[in-house]
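Reviewing the structure listed below.
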Number of protein chains: 2
Amino acid sequence: MKKVYKASCKEEEKFLEQYDSKAFDPIALSVDAVVLGVMKSETDNYRKLDKQILRVLLVKREEYPYKGFYSLPGGFVGKCETMEDTLSRTLEAKTGLKKIYSEQLYTFGEVNRDPRMRIVSCAYISLLDEGKTQVSGAKWFDLNEIEQMRLAFDHKEIINEALKRLRGKINYTNIVFHMMPQQFTISELQEVYEIILGEKLLAPAFRRTIAGKIVDTGKMTGNAGHRPSRLFKALEM
Amino acid sequence: MKKVYKASCKEEEKFLEQYDSKAFDPIALSVDAVVLGVMKSETDNYRKLDKQILRVLLVKREEYPYKGFYSLPGGFVGKCETMEDTLSRTLEAKTGLKKIYSEQLYTFGEVNRDPRMRIVSCAYISLLDEGKTQVSGAKWFDLNEIEQMRLAFDHKEIINEALKRLRGKINYTNIVFHMMPQQFTISELQEVYEIILGEKLLAPAFRRTIAGKIVDTGKMTGNAGHRPSRLFKALEM
DNA sequence: ACAATAGTGTCTTTCAGACATTATCCG
DNA sequence: CGGATAATGTCTGAAAGACACTATTGT
């Protein structure tokens, strides 16, 4: 979708040359990422399956304002950078993550959301699977844990919007597969649905409804102290 | 959600005082509105119902760039203005419309979308019913008509996103009632669904599915050369 | 055998699709 | 009556909810 604009006449050319881009009120634009990942937490009983948990990735602020508080990873949009560029750049710088699935969430523009100056933030949702949850400079938090914390700026509100969006989209898109590893069992997939939706689902109905979205890899899990499970992969995303 | 930020200590207070808000690259933030309305176009036969049409409201640009082309109504976000404030202000200034239902659509940030300078635009969808389609300084366009036109900036792309969003939301929200007058017949409502979804629907199924979202007003249409129709209103939005 | 998870069978209920039918107005 | 739209009846088939049941592993 690159298109280079070409002035239609001399008059327009002149107009564009003389245009003063400093004439507008200084509003800074930033990008913040709600990085969500599903992780396994080991259980006491070796025969039981690991419970999966939904976590958010936060970074501790080193500077005022909200120094010492945790915040979403993000940063200012450079003059010649798309917001997606800013997202990749700041995610890599602050968390070490590269090439993560992301989509735009919402743009937050309350006038006093940042005490320094007027900053409008375009928030993104980024989704990870268990295999990519190794990070540097950032820390994973349980969602319940976050409820009790005070976060920087309006970042708690942004996280809540992200969860709402995820819940809304899980049933009519294939977004969930961005949180799954290459291969997974149906039970694991169901558990991720349950975590996101916040309710238990019935296995037979679940299997029926997702049957069209997954493919059997032919492989099986094993060595688990119980019946092995088929491994599936996502079908066309 | 107003909250006034209070510096936690002298050190932070000093930091905030000395903060140079001009240090960042100048990126202008604008708001653009995709104003959609359903209008009736009179038919040849007096006994036939008026056909409804979905239209978009555009304004002709008076200045470069894209002078003379049609564009979405919008404008720059002022320093002490929320984006919703900007939306109301520019909508009223450029179209005369006040207090229109609007929701944020998407934020468009391609680097060269505006030849003047870097301008990021937060787009909104605004919906009108037939009763509010009187405008000044702006013009309504059929959607097919727009397909053939060249619009300013990336505004055609923005309109297409708006339609996609509308189509996506119509089936699991009550958004459609923002395009309906206070009272309407089920046939009118069905026609709006058909326009937005781009397909014919079967009347019995349609009636069943929307039955829970509307209330009978007890009133009827009349004098139409055919059987009168019940008038309904939207239930809780 | 037992604990634990994987996976299927099937009955019921709910709901969408499809088409036919009846109802009511106006001229 | 005839043209037009409004509204309902009902059959069918697909899909969701619910629950019981069978299957397979490691210890």
Side-chain angles (χ1 to χ4, degrees), chain A residues 40-52 167 170-172 176 180-181 183-195 197-233, chain B residues 40-52 167 170-172 176 180-181 183-195 197-233:
Chain A
K40 285 177 180 152
S41 70
E42 302 205 354
T43 45
D44 46 342
N45 184 330
Y46 70 102
R47 299 178 73 176
K48 285 197 173 175
L49 285 179
D50 295 336
K51 278 260 176 293
Q52 297 184 97
R167 258 192 291 275
I170 195 172
N171 278 323
Y172 71 99
V176 71
M180 303 302 297
Q183 302 187 357
F184 49 84
T185 69
I186 293 187
S187 300
E188 282 165 354
L189 184 59
Q190 180 174 342
E191 199 181 347
V192 173
Y193 268 80
E194 289 173 344
I195 289 169
L197 295 175
E199 56 178 345
K200 284 283 172 193
L201 303 176
L202 293 170
F206 182 75
R207 279 160 191 272
R208 274 180 305 210
T209 51
I210 59 143
K213 297 182 175 181
I214 58 179
V215 194
D216 193 341
T217 64
K219 296 179 190 160
M220 305 285 283
T221 60
N223 235 47
H226 52 76
R227 176 172 175 177
S229 180
R230 283 171 192 279
L231 285 166
F232 291 82
K233 62 181 181 185
Chain B
K40 284 177 180 152
S41 70
E42 301 206 355
T43 46
D44 46 340
N45 185 330
Y46 73 102
R47 300 180 71 177
K48 285 197 173 176
L49 286 180
D50 296 336
K51 279 258 177 295
Q52 297 184 96
R167 259 192 290 276
I170 196 172
N171 278 324
Y172 70 97
V176 71
M180 303 302 296
Q183 301 187 359
F184 49 84
T185 70
I186 294 188
S187 300
E188 283 166 352
L189 185 59
Q190 180 174 342
E191 200 182 345
V192 172
Y193 268 80
E194 289 173 344
I195 290 170
L197 295 175
E199 57 179 343
K200 285 282 170 194
L201 302 177
L202 293 169
F206 181 75
R207 280 159 189 272
R208 275 181 303 211
T209 52
I210 59 144
K213 296 182 175 181
I214 58 179
V215 195
D216 193 340
T217 63
K219 297 178 191 159
M220 305 286 282
T221 61
N223 235 47
H226 52 75
R227 176 172 174 178
S229 181
R230 284 171 192 279
L231 285 165
F232 291 82
K233 61 181 181 182

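Order of the sequence lines sets the chain letters (A, B, ...), proteins ahead of strands, with each chain counted from 1. Everything quoted here is computed from the prediction, not taken from an experiment.
- Taking 4.0 angstrom as the limit, A/S187 places a side-chain polar atom (N or O) nearer than this to OP1 or OP2 of C/dA6.
- Judged by distance alone, with hydrogens and angles left aside, A/R47 brings no side-chain donor or acceptor close enough to the base of C/dA4 to form a pair under 3.5 Å.
- Distance, B/M220 CE to D/dT5 P: 16 Å, rounded to whole Å.
- The aromatic rings of B/Y172 and A/Y172 sit tilted relative to each other, their planes meeting at an angle between 30° and 60°.
- Each of A/Y46 and B/R227 lies near DNA chain D, and the nucleotide nearest B/R227 is the one positioned closer to the 5' end.
- Within the 4.0 angstrom heavy-atom criterion, base atoms lie near A/R208.
- Look at A/S229 and you'll find a side-chain N or O under 4.0 angstrom from OP1 or OP2 of C/dG7.
- Among the protein residues, A/F206 comes within range of no part of the nucleic acid, since none of its heavy atoms lies under 4.0 Å from any strand.
- Here the OG1-CZ distance, from B/T209 to B/R207, works out to 11.0 Å after rounding to the nearest 0.5 Å.
- Listed nucleotides D/dA6, C/dA18, C/dC26 differ in distance to B/N223; the shortest reach to its side chain belongs to C/dC26.
- Between B/I210 and B/I186, the shortest heavy-atom distance links the atoms CD1-CG2, 4.1 Å.
- Rounding to the nearest 0.5 Å places CG of A/L189 at 10.0 Å from CZ of A/F232.
- Within the 4.5 Å cutoff, no side-chain heavy atoms of B/E194 are placed close to those of B/Q52.
- Atom CD1 in B/I210 sits roughly 15 Å away from atom C1' in D/dT8 (whole-Å rounding).
- Counting non-hydrogen atoms under 4.0 angstrom, A/L202 reaches a base of the nucleic acid.
- Between C/dT5 and A/T185, no contact under 4.0 Å exists linking OP1 or OP2 to a side-chain N or O.
- For the OP1/OP2 pair of D/dA7 and a distance below 4.0 Å, the side-chain nitrogens and oxygens of B/R207 include at least one atom meeting the criterion.
- Look at A/N45 and you'll find a side-chain N or O under 4.0 angstrom from OP1 or OP2 of C/dA4.
- If A/P228 and A/A205 are placed on DNA chain D by their nearest nucleotide, the residue sitting closer to the 5' end is A/A205.
- We find that CG of B/L189 is positioned 16 Å from C1' of D/dT5, with the value rounded to whole Å.
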